[in-house]
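Every chain is numbered from 1 and lettered A, B, ... according to where its sequence line falls, protein lines coming before strand lines. Everything numeric in this text was worked out from a predicted model, so none of it was measured.
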Amino acid sequence: MEKRRVAVRLLLAALAFFGSAQACVPPLEGTRLESKTLVLSFSASPSVGEFFTMEVAACAKPGHALPDELKVDAQMPEHRHGMNYVPVVKRLAPGRWRAEGLMFHMPGKWQMSFELRGKGGAERLSHSLQLSEGFSKEETAKIALHGPWPPRPRKDPSNRVSGKPEAIALGEKLFFEPSLSGSGSVLCATCHAPFRAFQDGRPRAVGVAQADRNTPSVLDVAFSRWYGWDGAHDSLWSQSLRPLLDAREMNASAEHVAHALRTLFGREYEKAFDRKPSGSDEALLVDAGKALAAFQETLVSARTPFDDFRDALMREDRDAMGKYSPAARRGLRIFVGKGNCALCHFGPHFTNGEFADTGVRFFAAPGRVDAGRHAGIKRLKDSRFNLLGRYNDDAQRASATGTRHVEAQHRNFGEWRVPSLRNVARTAPYMHDGSLATLREVVMHYSQLDEERLHADGEQILKRLQLSADEIDNLVEFLKTLSAPDAR
Amino acid sequence: MLRKHRNLWCDLAFRTDHATSGKVDAGWRAAFVEFPDRFMVGTDSFTPERWHYIGEHADWSRAWLADLPRDLAERIAWKNGESLFGSFSQP
């Protein structure tokens, strides 16, 4: 009874669709094309850059022979080229074929052609389809938020020499000056090496001695809100003082840095600060930090393949979009969708600038915890170099609002700064302690996340992603496109 | 819920918004005063690292407990816990 109802329904549907002129129904649901002698039906789900299979069926109209042979091809008439691969057509049964190995390697208008040959001669049918890049409006809106790039430069109101060429020149000299360190052997660039995207490639920084944390890149550092893995600093200039004074990094003192400024860089200092280096040792130390900050503000990373794709998507430039790899595109979809990575790795900088517990262990050594953001807030509040202090050049203190109100909470224990993902492929190893060696390991970490390790305060944002092997590959491929091939 | 369920007690591990900078929030203060025997200081130790936070958490708790009347503070700090767990341990 059920079968009969289905059969009747199909017959009615066929009559409604083909009308009285239709003389046969191909044995395949799909897109239908018709010539004088036959009706063809095909079914396929192409997406950009992926091999796909097409099912094809044909039936002969009364008085005509069923074709024996099928050829399938496709062209992009607006670009005057075809597919990069030749499909293989297999005959499954009389009037039934399967074409394998098709690939539409770029989005746009594709003209598909079907050539059928038999005893009655050759018939050619064609069909146009518009292949989009595959992102929904919602996905496109989310992708748009990760640009444009580069951002407009901005001056730091807390640093009176921010953007000043003479200060930038002095800062660059100081950045590469070993005499600033207590040992005379360590320079900023020891850990922030320009040829390694301004980091060192080590799990944990090594200055005078090994420190507890991974060296972050200083590319794009001008745009941060908090500095350091624990946010213990609220300005780039105060952050720049920390490694100078840290016993494990450069092991210098205010007196040592001031002496270096007076004796080695007196002329440059005068040009940068419009006064002789005659202030107190601490004031000169802060000025060294401000010159270093002025230089680091100029370190903006280059455009990436992702930026080119994002901009092409915005202006619907399908040719340009076609240059972005299909795997990266699939990874991007996970990034803004299933993975929800963009919730924290937000905006053009791929970070919300805040802190999170991501389930990473935070023992700095057996029995010794590195408390992360919780300790960072205390250090920030206690620092005389914070933006509430006398060295903030912003007389209005508007830049100090965050510092005034931030307060340590239980959940901050074991939280770490959400890092930017720009140049991420060039800044291995990863996490605050360099405990994950590769991007794949990082993606695996979130895929297999131990939710029991996450604190219970506040909203639970992270969950185990449980990605497939292909999804992990694609997400890694996407992350690689956030680095410029020739990035500094 | 505390009014409805007489056998409901709360440990304060699950919130931080009852106090800011050592000052108890007015709404929470009212709840503490209405139910002086039903709240206890507590903390979680769900990871090995968290054990190292217990001292920090105690310092933080002492700061806001000092903002309450001494008798109420002592009840929340330890007396309610002793009473509750002592009653559980009774044969």
Worksheet entry | Atom CD of A/Gln396: over 12 foreign heavy atoms under 6.0 Å | no
Worksheet entry | residues 228-246 of chain A: residues contacting chain B (heavy atom under 4.5 Å, by number) | none
Practice prompt. Can you sort out the partners of A/Asn340 under side chain to side chain contact (heavy atoms under 4.5 Å, CB included), two or more places apart, ordered by chain and number?
Written response: A/Leu343
Response to the item:
Whatever's closer than 4.5 Å to a heavy atom in chain B on A/Glu452 counts as backbone
Practice prompt. Kindly check if the number of other-residue, nucleotide or ligand heavy atoms within 6.0 Å of NZ (A/Lys463) is above 12?
Written response: no
Item to complete: Residue by residue, scan residues 57-64 of chain B and write down, ordered by number, those that have a heavy-atom distance under 4.5 Å to chain A; if none do, write 'none'.
Response: B/His57, B/Trp60
Discussion item. Using a 6.0 Å cut-off, check whether atom CD of B/Glu34 has over 12 heavy atoms from anything other than its own residue.
Written reply: yes
Worksheet entry | Contacting region of B/Thr43 [heavy-atom separation from chain A under 4.5 Å] | neither
Worksheet entry | Heavy atoms of other groups near A/Phe363 CZ, more than 12 under 6.0 Å | yes
Item to complete: Would you please test B/Arg50 and A/Arg453 for side chain to side chain contact (heavy atoms under 4.5 Å, CB included) and show each step?
Response: CA-CA 10 Å; B/Arg50 204 79 183 181; A/Arg453 278 196 59 88; over 6 Å; no
Fill in: Contact residues of residues 364-377 of chain A (partner chain B; heavy-atom separation under 4.5 angstrom)
A/Gly367, A/Val369, A/His374
Worksheet item: Do the two ring centres, one from A/Phe413 and one from B/His52, sit under 6.0 Å apart?
Response: no
